[in-house]
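Each remark here refers to the structure printed beneath this line.
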Amino acid sequence: MAKRKVIYGGACSLDGFFAGKDGAIDWIRFSKDVEDIMRKSWAATDTILLGRRTYEFALAAGGGGEMPGVTINKSYVFSRTLTSVTGKDTELVTGDAGEFVRKLKAQPGKDIVVMSGGNFATSLLQAGVIDEIGLNIHPVLLGGGVPAFLTQEKRVKLELIECRPLQGDCVFVNYRVKQESRRI
């Protein structure tokens, strides 16, 4: 049985933001080839990890509709300030995120997708639990907003798995986090 991977990424501006200063995502271009990448990724996924802000954004936007052909067994929301979460098969995690994800990866299952901005994702990168980073880079400079990555304590070395142009002048890049970056 293949080892579960923890995958982080999403649509981002060329200057590295997932959303604009006001939370705007109206600049994101959705195309058939992006839909194909998402369908393939979600078919290999059964668990979602959300940072608090992403969870709150999703809730405010009407959150987590069903996707045809996708079965998510469990979602985990990581927060030190929330006291409860809502949603089918959604659990709040308030302890050490890195240790929790390490244990989760050791359990049987499909891949695990991280949906968050840079704060939560950076903590998981520093804990050495993210295996891949996939970005759909859009041809726009937002100048600020929700960053994909924050300042890191240590370098994270990457190995290119895939790079290809997408419709709408976007570029998809997928990187594997190198083993030495995952050591604590």
Side-chain angles (χ1 to χ4, degrees), residues 3-13 16-28 30 38 41-136 142 144-154 156 177 181-184:
K3 180 181 168 192
R4 295 177 93 177
K5 293 183 294 188
V6 176
I7 302 166
Y8 172 62
C12 76
S13 64
F17 295 97
F18 282 156
K21 292 177 186 174
D22 56 358
I25 56 173
D26 59 343
W27 51 272
I28 295 176
F30 194 76
M38 290 174 64
S41 177
W42 285 112
T45 300
D46 69 0
T47 304
I48 298 174
L49 310 179
L50 298 111
R52 177 189 55 83
R53 290 183 186 125
T54 302
Y55 168 74
E56 290 173 340
F57 178 83
L59 262 162
E66 299 295 317
M67 292 176 279
V70 175
T71 302
I72 301 299
N73 293 336
K74 193 75 171 183
S75 294
Y76 297 94
V77 177
F78 292 78
S79 174
R80 291 188 178 97
T81 58
L82 293 176
T83 57
S84 66
V85 293
T86 60
K88 181 181 175 200
D89 299 318
T90 302
E91 182 179 317
L92 177 64
V93 179
T94 58
D96 182 280
E99 188 58 34
F100 184 89
V101 175
R102 241 184 297 291
K103 289 177 183 174
L104 191 61
K105 285 175 70 171
Q107 297 173 8
K110 293 182 176 181
D111 291 341
I112 302 164
V113 168
V114 178
M115 298 182 72
S116 80
N119 192 17
F120 178 53
T122 297
S123 74
L124 294 180
L125 278 167
Q126 293 299 294
V129 296
I130 291 183
D131 301 295
E132 289 184 12
I133 300 170
L135 298 172
N136 175 3
L142 296 176
V146 178
F149 304 97
L150 299 183
T151 302
Q152 312 238 12
E153 295 173 14
K154 64 179 182 174
V156 177
V177 177
S181 293
R182 286 189 239 158
R183 292 190 196 121
I184 303 296

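Side-chain atoms are counted along with the backbone in the values below, which use heavy atoms only and exclude waters and symmetry mates.
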If the condition is side-chain contact (heavy atoms from CB on, under 4.5 Å), which residues does D96 pass it with, not counting sequence neighbours?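 Applying side-chain contact (heavy atoms from CB on, under 4.5 Å) to D96 gives E99.
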Which residues pass the side-chain contact (heavy atoms from CB on, under 4.5 Å) test with Q152, not counting sequence neighbours? T122, L125, Q126, F149, V156
Pairwise distance [atom1]([X]) to [atom2]([Y]) - rounded to 0.5 angstrom:
{"X": "E56", "Y": "T81", "atom1": "CD", "atom2": "OG1", "answer": "6.5 Å"}
{"X": "D46", "Y": "K74", "atom1": "CG", "atom2": "NZ", "answer": "12.0 Å"}
{"X": "D111", "Y": "I7", "atom1": "CG", "atom2": "CD1", "answer": "4.0 Å"}
{"X": "L124", "Y": "F100", "atom1": "CG", "atom2": "CZ", "answer": "11.0 Å"}
{"X": "F78", "Y": "N119", "atom1": "CZ", "atom2": "CG", "answer": "13.0 Å"}
{"X": "S13", "Y": "L135", "atom1": "OG", "atom2": "CG", "answer": "10.0 Å"}

Note, [X] side chain near [Y] side chain (heavy atom, < 4.5 Å):
{"X": "N73", "Y": "D89", "value": "no"}
{"X": "I72", "Y": "W42", "value": "yes"}
{"X": "F57", "Y": "V146", "value": "no"}
{"X": "D131", "Y": "K105", "value": "yes"}
{"X": "L104", "Y": "L49", "value": "yes"}

Looking only at heavy atoms, which two atoms of [X] and [Y] are closest? And how far apart?
{"X": "V129", "Y": "G98", "answer": "CG1-O, 3.6 Å"}
{"X": "S79", "Y": "R52", "answer": "OG-CD, 3.5 Å"}
{"X": "V85", "Y": "E91", "answer": "CG2-C, 3.9 Å"}
{"X": "A121", "Y": "A148", "answer": "CB-O, 4.5 Å"}
{"X": "T54", "Y": "G117", "answer": "OG1-N, 3.6 Å"}

Quick one: does T45's side chain have a donor or acceptor within less than 3.5 Å of a partner on A43's backbone? no
Check: F120 main-chain N/O paired with R53 side-chain donor or acceptor under 3.5 Å: no
Are Y8 and F18 an aromatic pair, judged by ring center distance below 6.0 Å?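 Distance test on ring centres: under 6.0 Å, yes.
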Contacts of S41 meeting side chain to side chain donor-acceptor pair (under 3.5 Å) (sequence neighbours excluded), chain-then-number -> none
